[in-house]
Amino acid sequence: NAGVTQTPKFQVLKTGQSMTLQCAQDMNHNSMYWYRQDPGMGLRLIYYSASEGTTDKGEVPNGYNVSRLNKREFSLRLESAAPSQTSVYFCASTLKGQMNTEAFFGQGTRLTVV
Amino acid sequence: KNEVEQSPQNLTAQEGEFITINCSYSVGISALHWLQQHPGGGIVSLFMLSSGKKKHGRLIATINIQEKHSSLHITASHPRDSAVYICAVSNWDSNYQLIWGAGTKLIIKP
């Protein structure tokens, strides 16, 4: 099915471990985004990629890195996980380079850092 | 004061009732999104509006740009409509970022 695919769905890390969250879309969208969702808060933008080859910081980029590997794939890396990074992470994409077009979201990755 | 405010925060209704969820915002926007998040966690885009009204099945979304207000209506509500409904706006100043409301948790009882 067309859409946004995130892996893994669940992950438990120890403090200091690293991991990469993968995201791929098959809708030929230009822009991709990584968000985190914490209880009682709206989604917060970590990083986004307006187009292939570009990435920019969002609201909460500290502790994260991203790679726009190609037009389809946008990965999020935690180099040294901290308990504060326990959250649900969502990848999203939009056709045009702006959020004034319909956004498509992945199913989320529930990450726990112990 | 949050830039995007939703009301109510929680809503419980009986199956068949007409549901209205409201969203008010205080910034200039290029678009407003209504999204649905089910208990399983996935987020689905329901509507993206920049003016007027849109309808999809039993869901209707309206926006009044002058009043900076949008409503999401559900007609003939059903237990499967139980979810968190989120309003988010695309700010003129930063089209790559959405400003999110806190969400409205809707429970429809059979």
Side-chain angles (χ1 to χ4, degrees), chain A residues 1 3-6 8-10 23 25 27 29-51 54-61 66 68 74 87-111, chain B residues 1-7 9-10 21 23-52 54 56 59 61 63 65 70 83-105:
Chain A
N1 290 338
V4 179
T5 304
Q6 275 182 249
K9 286 189 168 57
F10 300 95
C23 176
Q25 52 86 13
M27 296 172 284
H29 283 179
N30 289 306
S31 299
M32 299 183 73
Y33 312 78
W34 276 105
Y35 289 93
R36 60 178 287 172
Q37 185 180 38
D38 300 296
M41 302 182 74
L43 276 74
R44 292 184 292 170
L45 183 66
I46 305 171
Y47 271 93
Y48 66 94
S49 171
S51 60
T54 69
T55 61
D56 284 285
K57 294 178 181 179
E59 184 184 353
V60 288
V66 290
R68 182 75 182 266
F74 188 39
S87 188
V88 181
Y89 292 84
F90 287 95
C91 177
S93 71
T94 56
L95 175 61
K96 299 179 184 177
Q98 301 172 35
M99 268 294 185
N100 57 0
T101 57
E102 186 178 3
F104 292 80
F105 288 81
Q107 287 297 302
T109 297
R110 190 172 294 275
L111 174 67
Chain B
K1 186 173 172 16
N2 293 333
E3 292 169 307
V4 178
E5 294 199 339
Q6 286 184 239
S7 63
Q9 282 188 310
N10 295 283
I21 299 170
C23 176
S24 296
Y25 54 91
S26 57
V27 296
I29 68 168
S30 56
L32 182 143
H33 298 254
W34 281 105
L35 307 111
Q36 180 191 57
Q37 186 169 27
H38 272 282
I43 296 174
V44 175
S45 176
L46 299 174
F47 296 103
M48 199 270 301
L49 295 162
S50 54
S51 64
K54 288 190 176 180
H56 185 250
L59 300 177
I63 188 168
I65 298 293
S70 175
V84 175
Y85 292 85
I86 306 170
C87 170
V89 301
S90 170
N91 191 327
W92 273 118
D93 291 334
S94 177
N95 273 332
Y96 294 103
Q97 302 207 29
L98 288 178
I99 305 172
W100 298 78
T104 295
K105 185 174 182 179

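Protein chains get the first letters and strands the later ones, always in sequence-line order, with residue 1 at the start of each.
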- Check whether F90(A) gets within reach of chain B through its side chain, its backbone, both or neither, counting any heavy atom under 4.5 Å. side chain
- Could you tell me the separation between the CD atom of Q6(B) and the CD1 atom of I21(B), rounded to the nearest 0.5 Å? 7.5 Å
- To the nearest 0.5 Å, tell me how far T109(A) OG1 sits from K9(A) NZ. 8.5 Å
- Query: Side chain, backbone, both or neither: which part of L35(B) has an atom under 4.5 Å from a heavy atom of chain A?
  - Reply: side chain
- Task: Quick one: list whatever passes side chain to side chain contact (heavy atoms under 4.5 Å, CB included) with L59(B), sequence neighbours left out.
- Result: L46(B), F47(B), I74(B)
- Contact leader toward chain B among R110(A), Q37(A), R44(A), Q6(A), where contacts are heavy-atom pairs under 4.5 Å: Q37(A)
- Message: The test is side-chain contact (heavy atoms from CB on, under 4.5 Å); show your working for I63(B) and I65(B) and say whether it passes.
- Response: CA-CA 6 Å; I63(B) 188 168; I65(B) 298 293; 3.7 Å; yes
